[in-house]
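Everything below concerns the one structure shown next.
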Amino acid sequence: MNNKEISLHNERWNYIDLMEFFALFFVIMYHATLYNYNFLSDNKTIYYIRYFTRAIMSTCVPLFFFCNGYLLFNRPFDLQKHIIKTIKIILLTALWGIIGLIIFSVYTHTSLNLHDFIYNLITLNPLGWINHLWFMGILVLLYIFAPLLVKIFKSSVRNFKILLFIFFIIGFGIKAVGYTVYAIGIANNQNMPEIMQFAEHNIFRMTQFYAFPYFTLGGIVFHYKNAILKIKALYRNLISVLLIIANCCMLYLMAVFFTNHTATAEPWDIVWCGYDTVFTLLNVCCIFVLSLNYNHKFKLIKNISINTLGIFFIHNIVIRITIDKFVCHAFFQTLIGNISYVLFVMLLSLIIVFLLGKIPILRKTISLT
C-alpha cells in the first residue's frame with residue numbers, strides 16, 4: 001500500500017461513527033418498542049404522534065448498508081482479507097443463532113429437539129430472539145458481490161454510476177410504481193390488493209434488493225463529500241433538516257393511507273416497509289450530510305461504533321430478558337421512557353461486549369479482527 005492507501009486504511013471517520021450510532025439506536029428502538037401507537041384500536045392523537053416518530057426509524061437498516069459501502073469502497077481492498085472476513089461473518093452469524101436459541105430454550109423453559117433446533121436456526125425463529133440475523137445474510141450477499149462492484153468502482157466511476165442508477169430503478173422504482181398504481185386505484189374506488197401484494201412481495205423486495213443501492217450509494221458519496229462541505233453549513237444543514245421533516249411527513253401520510261385502506265388490525269409497518277421508499281433514501285442522504293458536521297471524538301459513540309457487530313448480535317437477547325421488567329411501568333410506555341430503555345439496552349449490550357472482549361477465547365465471537 002502507498003502512503004495515501006495507508007492513511008485511508010487507518011483513518012477513522014467520526015461522522016460514520018455517528019451514523020452507525022443512529023443506525024443501531026433506531027434498530028433497537030424498532031425491536032424494543034414499548035409504547036402503543038396503534039391508532040386503529042384507539043383514535044388518540046398521541047398514537048398518531050408516536051406513529052409519526054417511527055418514520056425516521058425506517059433509516060435504521062439502510063444506514064448500516066450505506067456505512068458498510070462507504071467504508072468498503074473507499075479503503076484499500078484486499079480480496080484475500082475480504083474473503084476471510086466474509087467467512088467469519090457467516091460463522092459468527094451461525095454461532096450467535098445457536099447461542100440465541102440455547103438462551104431462548106433455557107430462559108423460556110422450551111424444549112427443542114435436534115430437528116426443531118436446526119429448523120429454527122435456518123428459519124431464524126423464534127421472533128424476537130434471532131430473527132434480526134436476517135441482516136447478516138444480506139450483508140454476506142453484498143460482500144459476495146463486493147469484489148466485482150469494487151472492480152467496477154475502481155476502473156470506471158461512470159460505469160459505477162450507471163450501475164447505481166439501475167440499482168435505484170430496481171430497488172425503489174418497482175415498489176414506487178406499485179404503490180402509486182394502488183393509490184390511484186383507491187382514489188378511483190378500485191381496491192387492487194394484488195398490486196399492493198406485488199409492491200411489497202415481489203422477488204426484489206423479498207430478497208431485500210434495496211440493500212444494493214444503499215451499499216453502492218455509500219461508496220460513491222465519498223467523492224462528493226468535499227463538494228458538500230463547500231456549501232455553507234447553515235444552508236446545507238437547514239435544507240437537510242427540512243427535507244427530513246418533509247420526507248417523514250410524506251412517509252407518514254402514505255403509511256396512514258395504506259393503513260386505512262387495507263384490512264388489518266395493526267398500522268402499516270412504517271419501518272420495515274419504509275426501507276425501500278424514496279423518502280427513506282433521501283433521509284439517509286440527509287443524515288449523511290448532517291453527520292459531516294460531527295468532528296468530535298465522543299468516546300461513547302466511538303466505542304458503540306467500534307463494537308456495532310457485537311452489540312447487534314447481543315441486543316435482542318438483552319431485550320427479551322429485560323423487557324418484561326420495564327414494560328410494566330407506565331413511564332417506559334411513553335416515547336421518552338422508551339428512548340431511556342433503548343439507551344439502557346445499548347449500554348448494557350456494550351458492557352457485555354466489553355466483558356466478552358476481555359476473555360481471549362470469547363473475544364473472537366464479537367469481532368471480525
So [X] and [Y], would you call those rings parallel, tilted or perpendicular, with 30° and 60° as cut-offs?
X: Phe153; Y: Phe160; answer: perpendicular
X: Trp129; Y: Tyr107; answer: tilted
X: His315; Y: His31; answer: parallel
X: Trp13; Y: Phe222; answer: tilted
X: Phe22; Y: Phe26; answer: parallel
X: Trp96; Y: Phe313; answer: parallel
X: Phe288; Y: Tyr15; answer: perpendicular

[X] vs [Y] side-chain heavy atoms within contact, under 4.5 Å:
X: Tyr47; Y: Tyr51; value: no
X: Ile317; Y: Phe104; value: no
X: Leu217; Y: Cys285; value: yes
X: Thr110; Y: Leu112; value: yes
X: Ile98; Y: Phe117; value: yes
X: Asp269; Y: Tyr30; value: yes
X: Ile352; Y: Leu348; value: yes
X: Met29; Y: Leu335; value: yes

Report the residues that fulfil side-chain contact (heavy atoms from CB on, under 4.5 Å) with Phe165, sequence neighbours left out, ordered by chain and then residue number.
Ile169

Taking side-chain contact (heavy atoms from CB on, under 4.5 Å) as the definition, give me every residue that meets it alongside Ile359, ordered by chain and number, with sequence neighbours left out.
Ile361, Leu362

Pair [X] + [Y]: ring centers closer than 6.0 Å:
X: Tyr275; Y: Tyr214; result: no
X: Tyr37; Y: Tyr48; result: no
X: Tyr294; Y: His296; result: yes
X: Phe167; Y: Phe212; result: yes

Non-neighbouring partners of Asp17 that pass salt bridge (charged side-chain N to carboxylate O under 4.0 Å, His left out), sequence neighbours left out
Arg12

Partners of Lys44 by salt bridge (charged side-chain N to carboxylate O under 4.0 Å, His left out), sequence neighbours excluded?
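In terms of salt bridge (charged side-chain N to carboxylate O under 4.0 Å, His left out), with neighbours along the sequence ignored, Lys44 is linked to Asp42.
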
If only side-chain N and O atoms count, and only distance matters, is there a donor-acceptor pair under 3.5 Å linking Asn120 with Asn125?
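No, no side-chain donor-acceptor pair sits under 3.5 Å.
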
Single hit among Phe77, Phe145, Phe73 for ring pair (Phe, Tyr, Trp, His ring centres under 6.0 Å) with His82:
Phe77

Take Phe331 and Phe326 through the test ring-ring contact (aromatic ring centres under 6.0 Å, His included) and record every step on the way to the result.
CA-CA 9 Å; Phe331 170 70; Phe326 288 83; 9.9 Å; no

Transitive ILVMFWY side-chain link Leu368 to Ile304, under 4.5 Å
yes

Suppose we screen for side chain to side chain donor-acceptor pair (under 3.5 Å). Which residues come up paired with Asn159, at least two apart in sequence or across chains?
Ser156

For residues 52-65, which side-chain donor-acceptor pairs fall under 3.5 Å, sequence neighbours excluded?
| residue | atom | partner | partner atom | Å |
| --- | --- | --- | --- | --- |
| Thr53 | OG1 | Arg50 | O | 2.6 |
| Arg54 | NH1 | Thr33 | OG1 | 2.9 |
| Arg54 | NH1 | Tyr35 | OH | 3.2 |
| Ser58 | OG | Ala55 | O | 2.7 |
| Ser58 | OG | Thr280 | OG1 | 2.7 |
| Thr59 | OG1 | Ile56 | O | 2.7 |

